[in-house]
Amino acid sequence: MATCCCCSARHRPSPFLGSPLRHPGNPLCRKSSLVMVSTFKVTALFWGPRRIKEPRELNPSLGAYKLLKSASEGVSVDDKTPREISLSVVSSISDISSNDWDACATDATSPEKFNPFISHAFLSSLEESRSAIKETGWLPQHIVAQDEYKNIIGVVPLYLKSHSYGEYVFDHSWADAYYRYGSQYYPKLQSCVPFTPVTSHRILVRNTWYRDQVFDMLVMALKDLTTQLQISSLHITFPSENEWHKLKQSGFLPRIGIQYHWKNRNYKNFDDFLMDMKQSKRKNIRQERKKVLAHNLKMKRLFGDEIKAKHWDSFYKFYRNTTDNKWGSAYLTRDFFHILGSKMGDRILLIAAEDEGELVAGALNLIGGDTLFGRLWGCLPHVYFPNLHFEACYYQAIEAAIDLNLTKVEAGAQGEHKIQRGYLPVTTFSCHYILDDDFRKVIDNFLVYETEQVKHVMQLLHESGPFKEGII
């Protein structure tokens with residue numbers, strides 16, 4: 001959970017992941033062929049006078065590839081054995097059946113580690129609710145791979161974007177540098193789950209004997225599409241670590257970041273977890289939870305059919321209060337929450353806080369195969385209860401993960417304050433394909449510098465962790 005909201009329109013960039021730090025060793029702060037890069041100006045970049053380049057008209061067909069098979073693979077060949085894979089682009093996920101999409105997603109992750117954010121239900125909820133569509137700067141351009149028998153073998157969630165909002169891997173300074181370089185950064189291609197900084201597979205391929213070939217075909221198609229459209233770049237954000245390594249070998253620039261996750265070490269209950277903490281941290285957590293109890297708030301965990309339309313209406317008010325007061329305009333529409341609830345109720349946990357029968361705050365979570373994903377938090381405008389945010393977003397999530405026998409809680413982007421509450425730093429990944437050779441070299445140098453910083457920070461954060469010695 002991005003502290004208060006993972007789906008709002010503006011974010012303070014992390015000094016490690018956003019605008020370049022002003023240091024003599026930072027490649028983006030030295031004079032070069034790019035001219036010096038300064039602090040980015042978001043308004044002028046996205047919605048101001050700088051015109052966004054129109055991409056070339058897209059041909060929905062991306063070509064066909066022959067499958068290769070050696071005799072040593074021991075695969076029998078008959079009339080039904082696929083010999084060719086064709087690739088194409090669809091402008092809406094509704095053009096692909098949920099069964100076909102989810103079969104690719106499930107095979108890519110395995111059922112026990114299934115990620116609900118790459119499901120057809122979640123992505124279609126974003127499109128149907130008009131949250132992620134062309135008019136909001138997210139034009140769906142999903143890639144589909146199918147054999148000659150029209151069986152869908154692989155898919156890639158992909159968007160043509162006119163801005164950099166809702167991504168959580170910050171490239172605003174890159175866009176500014178690109179304009180100073182004399183070129184236009186937008187539109188760009190983005191493979192991700194909109195508004196959702198969750199690590200999962202991005203190139204979703206069925207479990208077949210030729211899956212590696214299809215993976216390579218899809219990567220080639222992504223790069224070819226970037227070239228055909230004559231746009232600046234292609235970005236694959238929050239892929240799996242395995243994909244990240246493969247994409248590095250395919251010419252993508254690698255980048256890393258930091259999130260904070262809680263790990264279940266076979267805890268029986270919340271107190272069992274607390275016993276692994278240092279005494280001072282354990283005491284602080286207990287005091288924070290007591291302050292919430294002192295206000296006689298009733299904390300509820302609502303699942304599936306327990307979440308009614310009135311709950312979604314209330315939660316949308318909470319969400320808008322967060323976005324309007326702290327970050328700017330909202331990404332998600334009211335319809336998104338209702339559609340999501342109807343499609344994914346069995347995957348949703350809504351943690352609600354009631355004060356004398358009135359719903360006053362809530363935290364939205366999605367349940368994966370082995371992970372509880374904390375996403376959004378909000379409360380009524382007039383509500384303030386000390387530590388309620390920590391209770392609803394972190395402590396209730398930990399208790400729910402223990403009860404559901406889940407291995408971890410992912411609490412979203414940003415927030416070093418999560419560490420003292422048991423959420424430790426982990427590495428996240430992204431890959432970037434930059435067409436311009438000169439610009440690519442400068443970005444590559446910057447990423448080398450940035451990666452050293454991130455690794456150093458990770459080490460310092462782990463050394464000052466909240467757990468007793470020997471627990472981690």
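One-based numbering along the sequence shown.
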Nearest heavy-atom approach of Phe429 to Pro239 is O-CD, 3.0 Å
Worksheet item: Can any side-chain N or O of Thr136 pair as donor or acceptor with the backbone N or O of Ser131 at less than 3.5 Å?
Response: yes
Under a 3.5 Å distance rule, please check whether Thr371 uses its side chain to pair with a backbone N or O of Gly368 as donor and acceptor.
no
Are any non-hydrogen side-chain atoms of Phe238 and Val193 less than 4.5 angstrom apart? no
Here the gap from Glu84 atom CD to Leu67 atom CG, rounded to the nearest 0.5 Å, amounts to 8.5 Å
Whether over 12 other heavy atoms sit under 6.0 Å from Lys223 NZ: yes
Worksheet item: Can you find a pair of side-chain heavy atoms, one from Leu222 and one from Val156, that are under 4.5 Å apart?
Response: yes
Q.
One thing to verify: whether Arg130 and Glu135 come together as a salt bridge, which I'm taking to mean a side-chain N less than 4.0 angstrom from a carboxylate O.
A. yes
Carboxylate-amine/guanidinium contact Arg334 Asp313, below 4.0 Å:
yes
request  = Specify whether Phe336 and Phe122 have parallel, tilted or perpendicular ring planes, treating 30° as the upper limit for parallel and 60° as the lower limit for perpendicular.
outcome  = perpendicular
Should Ser200 and Arg202 be marked as a side-chain hydrogen bond (donor to acceptor under 3.5 Å, both in side chains) after you check the CA-CA gap, both sets of side-chain angles, and the distance that decides it?
CA-CA 6 Å; Ser200 63; Arg202 294 291 176 257; 2.5 Å; yes
Correct closest heavy-atom pair for Ile231 and Leu435 would be O-CD1, 3.1 Å
dist Leu225:CG -> Leu234:CG (nearest 0.5 Å) comes out at 8.0 Å
Within the 3.5 Å criterion, strictly below it, is a donor on Thr109 or Asn115 matched to an acceptor on the partner's side chain? no
To the nearest 0.5 Å, atom CG of Leu380 lies from atom OG of Ser314 at 7.5 Å
message: As a quick check of understanding, evaluate salt bridge (charged side-chain N to carboxylate O under 4.0 Å, His left out) for Asp403 and Arg301, giving each step before the final call.
response: CA-CA 12 Å; Asp403 291 345; Arg301 296 182 206 158; 2.9 Å; yes
Q) Using 30° and 60° as the class limits, which term best fits the ring planes of Phe439 and Tyr185: parallel, tilted or perpendicular? A) tilted
Return all side-chain donor-acceptor pairs below 3.5 angstrom for residues 339-349, not counting sequence neighbours, or 'none' if the list is empty.
residue	atom	partner	partner atom	Å
Ser342	OG	Ile339	O	2.7
Lys343	NZ	Ser124	OG	2.7
Lys343	NZ	Glu128	OE1	3.3
Lys343	NZ	Glu128	OE2	2.7
Arg347	NH1	Ile367	O	3.1

Here the pair of heavy atoms bringing His172 nearest to Phe170 is CE1-CD2, 3.3 Å
For Pro194 and Leu123, the nearest pair of non-hydrogen atoms, with its separation, is CD-CD2, 4.1 Å
Exercise. Quick check: does any side chain N or O of Asp147 sit under 3.5 Å from a backbone N or O of Pro82, one acting as donor and the other as acceptor?
Worked result: no
For Phe318 and Leu359 the tightest heavy-atom approach is CZ-O, 3.6 Å
Is the count of non-hydrogen atoms from other residues, nucleotides or ligands lying under 6.0 Å from Lys248 atom NZ greater than 12?
-> yes
| So, Asn207 side chain and Ala108 main chain: donor-acceptor pair closer than 3.5 Å or not? | no
Open item on the list: Between the side chains of Arg255 and Glu450, is the shortest nitrogen-to-carboxylate-oxygen separation below 4.0 Å, so that they form an ion pair?
Closed with: yes
Output for pair (Leu350 CG, Leu376 CG), nearest 0.5 Å, gives 10.5 Å
Discussion item. If only side-chain N and O atoms count, and only distance matters, is there a donor-acceptor pair under 3.5 Å linking Ser173 with Asp176?
Written reply: no
Requested in this report: Please confirm whether the backbone N or O of Leu158 pairs with a side-chain atom of Gln141, one donor and one acceptor, at under 3.5 Å?
Outcome: no
Please tabulate, for side-chain N and O atoms in residues 302-312, each donor-acceptor pair with protein atoms closer than 3.5 Å (sequence neighbours left out).
residue	atom	partner	partner atom	Å
Glu306	OE1	Phe303	N	2.8
Lys308	NZ	Asp305	O	2.9
His311	ND1	Lys308	N	2.9

Could Lys246 and Asp216 be called an ion pair, given the rule that one side-chain N must be under 4.0 Å from one carboxylate O?
no
Fit a plane to each ring of Phe373 and Phe117, take the angle between them on a 0 to 90° scale, and name the class: parallel (under 30°), tilted (30 to 60°) or perpendicular (over 60°).
perpendicular
Q | Donor-acceptor contact present, side-chain His142 to main-chain Ser92, <3.5 Å | A | no
With no hydrogens and no angle check, is any side-chain donor or acceptor of Asn264 less than 3.5 Å from a backbone partner on Leu406? yes
Run the numbers on Ser97 and Asp100 for side-chain hydrogen bond (donor to acceptor under 3.5 Å, both in side chains), then give the verdict. CA-CA 5 Å; Ser97 77; Asp100 285 334; 3.1 Å; yes
Contacts of Asp436 meeting side chain to side chain donor-acceptor pair (under 3.5 Å) (sequence neighbours excluded), chain-then-number -> Tyr181
Tightest non-hydrogen contact, residues Cys379 and Ala361, listed as CB-CB, 3.7 Å
*asked:* For the backbone of Ile203 and the side chain of His201, can you confirm whether one donor and one acceptor N or O come within less than 3.5 Å of each other?
replied: no
query: Do you see a donor-acceptor pair shorter than 3.5 Å between the side chains of Ser94 and Glu127?
result: no
Q.
Looking at Ile351, is its backbone amide N or carbonyl O close enough to the side chain of Gln396 to form a donor-acceptor pair, meaning the two atoms are under 3.5 Å apart?
A. no
Checking the side chain of Thr333 only, and the main-chain atoms of Ser129 only, is there a donor and an acceptor separated by less than 3.5 Å? yes
message = Below 30° counts as parallel, above 60° as perpendicular, anything between as tilted: where do the rings of Tyr331 and Phe195 land?
response = parallel
Flag the pair Glu416 and Lys418 as a salt bridge only when some basic side-chain nitrogen lies within less than 4.0 angstrom of an acidic carboxylate oxygen.
-> no
Side chains of Asp444 and Ile434 in contact at under 4.5 Å (non-hydrogen atoms): no
Between the CD1 atom in Ile153 and the CG atom in Leu87, the distance rounded to the nearest 0.5 Å is 11.0 Å
The single option from Ser233, Ser162, Ser164 that satisfies side chain to side chain donor-acceptor pair (under 3.5 Å) with Tyr186 is Ser164
Requested in this report: Determine whether the side chains of Ser232 and Gln184 contain a donor N or O and an acceptor N or O closer than 3.5 Å.
Outcome: no
With His432 as partner, the option from Trp174, Trp244, Phe446, Phe252 fulfilling ring-ring contact (aromatic ring centres under 6.0 Å, His included) is Trp174
With Tyr423 as partner, the option from Tyr394, Tyr260, Tyr395 fulfilling ring-ring contact (aromatic ring centres under 6.0 Å, His included) is Tyr394
Using ring centroids (six-membered ring only for Trp), state whether Tyr316 and His338 fall under 6.0 Å. no
Checklist entry - In terms of side-chain heavy atoms, does His261 have a donor or acceptor partner in Gln259 at a distance below 3.5 Å? => result yes
Derivation and outcome, side-chain contact (heavy atoms from CB on, under 4.5 Å), residues Phe215 and Glu243 = CA-CA 10 Å; Phe215 182 96; Glu243 288 176 313; 4.1 Å; yes
